[in-house]
Amino acid sequence: MGEEASCDAVSLTEAGTNAKPVGKEVGREPAAAPAAAADPRLQGISDAIRVVPHFPKQGIMFNDITTLLLRPRVFKDAVDLFVERYRGMGIDAVAGIEARGFVFGPAIALAIGAKFIPLRKPRKLPGEVISEKYVLEYGTDCLEMRVGAIERSGERVLVIDDLVATGGTLCAAIRLLERAGADVVECACVIGLPKFKDLYKLNGKPVYVLVESRE
Ligand SMILES: O=P(O)(O)OC[C@H]1O[C@H](OP(=O)(O)OP(=O)(O)O)[C@H](O)[C@@H]1O
Ligand SMILES: Nc1ncnc2[nH]cnc12
């Protein structure tokens with residue numbers, strides 16, 4: 001098992017409700033609102049996310065992307081928005097976080113010509129792995145990456161997940177990748193929980209979200 005993440009995560013009891021469009025960096029000072037903030041595709045993405053109260057436990061407002069996945073046009077819009085942002089940025093690898101980062105990550109990786117690295121939950125990857133434990137909104141968990149996934153020092157990596165709440169999961173992903181010698185360029189999520197956006201401490205790495213869950 002690897003060392004614990006040094007960047008702080010926030011412990012939570014409740015989250016936001018319905019999503020609203022954003023298209024911006026959170027968790028550090030954004031220089032200016034990006035063009036995507038006005039993009040009409042964001043409203044469709046926001047509308048397609050179902051919010052389920054008290055799942056998986058009391059007090060959690062669960063942002064469910066499976067309703068978005070049932071609408072191929074909207075699903076494609078989400079992937080396209082990321083592709084438009086990261087194409088041409090010299091990204092070598094897209095690292096997707098199990099499970100919901102696997103839904104968006106591979107499509108983005110293929111479209112920008114990058115390799116895809118699965119960051120998996122414990123005991124799923126064969127062979128030698130490195131691990132990072134982290135704290136979640138509703139428990140604790142651990143991420144693992146195959147040793148050798150980063151093939152040379154300084155590879156430029158984009159981390160993808162569906163949602164950032166406390167930032168604990170992204171933090172663990174960043175730590176894993178940096179331990180392997182990667183240069184983490186940015187983290188990107190479909191949804192951000194605004195309640196926690198000023199609390200992320202992701203080793204200075206920016207987090208880009210398409211929509212915010214409404215509080
Ligand atoms: O910002 P954080 O507080 O770390 O929370 C965000 C993480 O929580 C969810 O995954 P979850 O751990 O529920 O796993 P799953 O995708 O396997 O359901 C979500 O998909 C993120 O990975
Ligand atoms: N509120 C939430 N909805 C969906 N996934 C989550 N992961 C952590 N918090 C979450």
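Quick note: residue numbers are just sequence positions, from 1. Start at 1 and go down the list; that is how both ligands and their atoms are numbered.
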Going from [atom1] on [X] to [atom2] on [Y], what distance comes out if it is rounded to the nearest 0.5 angstrom?
| X | Y | atom1 | atom2 | value |
| --- | --- | --- | --- | --- |
| Leu210 | Leu81 | CG | CG | 5.5 Å |
| Thr67 | Ile49 | OG1 | CD1 | 7.0 Å |
| Cys187 | Ile97 | SG | CD1 | 7.0 Å |
| Glu186 | Leu158 | CD | CG | 7.0 Å |

Using a cut-off of 6.0 Å, state whether more than 12 heavy atoms not belonging to Lys121 lie near its atom NZ.
-> yes

By number and element, which atoms of ligand 1 are closer than 4.0 Å to a non-hydrogen atom of [X]?
| X | result |
| --- | --- |
| Leu136 | 4 (O), 5 (O), 7 (C), 8 (O), 12 (O) |
| Lys121 | 12 (O), 14 (O), 15 (P), 17 (O) |
| Thr169 | 2 (P), 4 (O), 5 (O), 6 (C), 7 (C), 22 (O) |
| Thr166 | 1 (O), 2 (P), 3 (O), 4 (O) |

Close N or O approach (Gly167, ligand 1; < 3.5 Å) |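 In this structure, Gly167 places an N or O atom under 3.5 Å from an N or O of ligand 1.
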
Is there a nitrogen or oxygen of Ile97 sitting under 3.5 Å from a nitrogen or oxygen of ligand 1?
->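 N/O-N/O distance under 3.5 Å: no.
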
For ligand 2, which atoms have a heavy atom of [X] less than 4.0 angstrom away?
| X | value |
| --- | --- |
| Arg100 | 4 (C), 5 (N) |
| Ala165 | 8 (C), 9 (N) |
| Met61 | 1 (N), 2 (C), 3 (N) |

Report the part of Asp162 in contact with ligand 1, treating N, CA, C, O as backbone and CB onward as side chain, heavy atoms under 4.0 Å; options are side chain, backbone, both, neither.
->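 For Asp162, only side-chain atoms sit under 4.0 Å from ligand 1.
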
Using a 4.0 Å heavy-atom cut-off, say whether Asp161 meets ligand 1 through its side chain, its backbone, both or neither.
-> side chain

Given side-chain contact (heavy atoms from CB on, under 4.5 Å), test Asp47 with Val74 step by step and report yes or no.
-> CA-CA 10 Å; Asp47 292 345; Val74 183; over 6 Å; no

Measuring from the heavy atoms of Asp141, does anything fall under 4.0 Å of ligand 1?
->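 The answer is no: ligand 1 sits nowhere under 4.0 Å from a heavy atom of Asp141.
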
Residues in salt bridge (Lys or Arg N to Asp or Glu O under 4.0 Å) with Arg146, at least two apart?
-> none

Would you check if the side chain of Glu144 reaches a backbone N or O of Arg123 as a donor-acceptor pair within less than 3.5 Å?
-> yes

Between the candidates Thr166, Asn63, Leu193, which shows the shortest non-hydrogen contact distance to atom 3 (N) of ligand 2?
->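 The residue whose heavy atom sits nearest atom 3 (N) of ligand 2 is Asn63.
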
Distance-only donor-acceptor pairs under 3.5 Å for side chains of residues 102-114, two or more places apart:
none

